[in-house]
Amino acid sequence: MKNLIILGATGSIGMQTLAVLGNLTNEYKLTSIAFGKNIKRGIEIINKFKPQFVSVENKSDCKYLSELFPDIKFDYGLEGLINASTYDASNSYQTVVVTALVGSIGLLPTVEAIKKGYHIALANKETLVTAGRIIIDLIDKYQVNLLPVDSEHSAIFQALNGEKKAQINKLIITASGGAFRNKSREDLKHVTVTEALKHPNWLMGSKITIDSATMMNKGFEVIEAHYLFGLPYDKITTILHKESVIHSLVEFVDTSVIAQLGTPDMRIPIQYALTYPNRFVLNNAKSLKLEEIMTLNFQKLDFTRYPCLHYAYEAGKIGHSMPTVLNAANEAAVHLFLTEKISFLDIERIIYEALNNHILIKNLDLDTILSLDKEVKMKILTLKGV
Ligand code: MN
């Protein structure tokens, strides 16, 4: 038996983790959760899973819930989030934290959970983008597991089972192409938020859906793979694969390639992260019917069509504070796009300017990352009067 903590419980990954948890009642007990403002959904989760600790975004929601559930401990804000991620159920079980928050807000709670000796099932890729080196060093220092929930990284992780890192030729990360894969650069000038939110294959939260449309999501996944698997950027490649059937591939030195395939169902990588190295039956999961799919398509990912992917590679290779700026500028720009303050193509322009104007900071520590993150976001948001 293990304790489970979910940060971002009411979001897309959080809800799918809870769906998986219904299947793992002999393996996990949900002890603590954090969520934002979706109080209705939060109450449903509390009633069903009876966690001991709950943190929300606002003080008023915290007070309301405390009166509704007098036997549960509630908290709020960043402090509450950290208390949720380090919640001690006072038993001898191991604890796994599913980090399914959106954005760099996930950084501090992840750091504190690692320091507490908790294992991390990582769905919050921004944490690795903004502070990859620090997270990996902490994982080594505290000897905890960092298991990928992202479907591409889960695929690579599965393909690498029993293999040696030194014998990897390259990783091949697949990309569905997002909402605008059939549009030209010219078409992109006038696309709307509603159009950008229609992902062809995956049903996800709004921020990651926009990141998929700009291809920044794939760029982040390249950086995520660099830290998770400890490989240089020239060994991490990407390819457009619109069916989302192959979730990623690994080529070894003998040119043999191992891929992981499956229907686009996030419960598969979530469950694998929670049950590794075991596999469990997944309720209502659909078998892949290759005879119905018949054809799989692949296409080179063009950096001029998808500049955000290019910026992510460049920021990743430069390293130090550059990926922090990349992530912060992207978060601010996506927020501005989602609130209809800027156009779709402004997102990449804002990110380019932020990277271009940044003076590299070396020997980064956590405080520098947090203040740089804040500074970059503020600068972009105040320009647009937000
Ligand atoms: Mn992914």
Side-chain angles (χ1 to χ4, degrees), residues 8 11-17 20 98-104 106 110 120-130 132 135 146-160 171-181 196-229 231 233 236-250 259-274 276 296 298 301 306 308-309 312-313 316 323 326-327 330-331 334:
S12 176
I13 295 290
M15 291 301 284
Q16 293 182 83
T17 304
V20 165
V98 177
T99 62
L101 298 162
V102 179
S104 60
T110 305
I120 306 294
L122 185 88
N124 172 235
K125 67 190 81 178
E126 292 95 335
T127 286
L128 269 197
V129 173
T130 201
I135 296 293
L146 178 62
L147 292 160
V149 169
D150 212 346
S151 60
E152 294 81 358
H153 304 77
S154 178
I156 293 165
F157 182 64
Q158 293 178 57
L160 288 177
L171 309 180
I172 306 164
I173 301 176
T174 55
S176 67
F180 300 143
R181 64 188 182 199
L197 286 175
K198 283 184 192 142
H199 193 283
N201 303 359
W202 297 93
L203 196 61
M204 307 179 289
S206 57
K207 198 258 177 183
I208 188 172
T209 305
I210 302 302
D211 287 345
S212 297
T214 61
M215 208 52 80
M216 184 58 94
N217 183 53
K218 213 46 56 182
F220 283 173
E221 290 180 354
V222 167
I223 298 175
E224 188 184 3
H226 165 77
Y227 288 113
L228 274 176
F229 304 111
L231 291 171
Y233 286 97
I236 306 169
T237 66
T238 55
I239 193 161
L240 198 62
H241 164 49
K242 67 178 183 187
E243 289 86 2
S244 295
V245 167
I246 299 182
H247 299 309
S248 279
L249 317 87
V250 181
Q260 187 262 344
L261 289 73
T263 49
D265 181 344
M266 278 309 293
R267 295 178 308 151
I268 302 167
I270 292 169
Q271 178 168 285
Y272 192 67
L274 295 181
Y276 171 81
L296 295 178
F298 304 95
L301 266 172
Y306 295 108
C308 285
L309 180 61
Y313 265 104
L326 177 83
N327 179 68
N330 182 65
E331 273 186 48
V334 170

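Just follow the structure's listing: the first ligand is 1, and inside any ligand the first atom is 1.
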Can you name the N, O or S atom of Asp150 that is closest to the Mn ion (ligand 1)? OD1
Side-chain heavy-atom pair Val149, Met266 within 4.5 angstrom cut-off: yes
The Mn ion (ligand 1) to Glu221: nearest N/O/S atom name: OE2
Looking at the Mn ion (ligand 1), which N/O/S atom of Glu152 is the nearest one? OE1
Take the angle between the ring planes of His241 and Phe298 and call it parallel below 30°, perpendicular above 60°, tilted in between. parallel
For Pro148 and Ala273 the tightest heavy-atom approach is O-CB, 3.8 Å
Closer than 4.0 angstrom, basic N to acidic O: yes or no for Lys207 and Glu126? yes
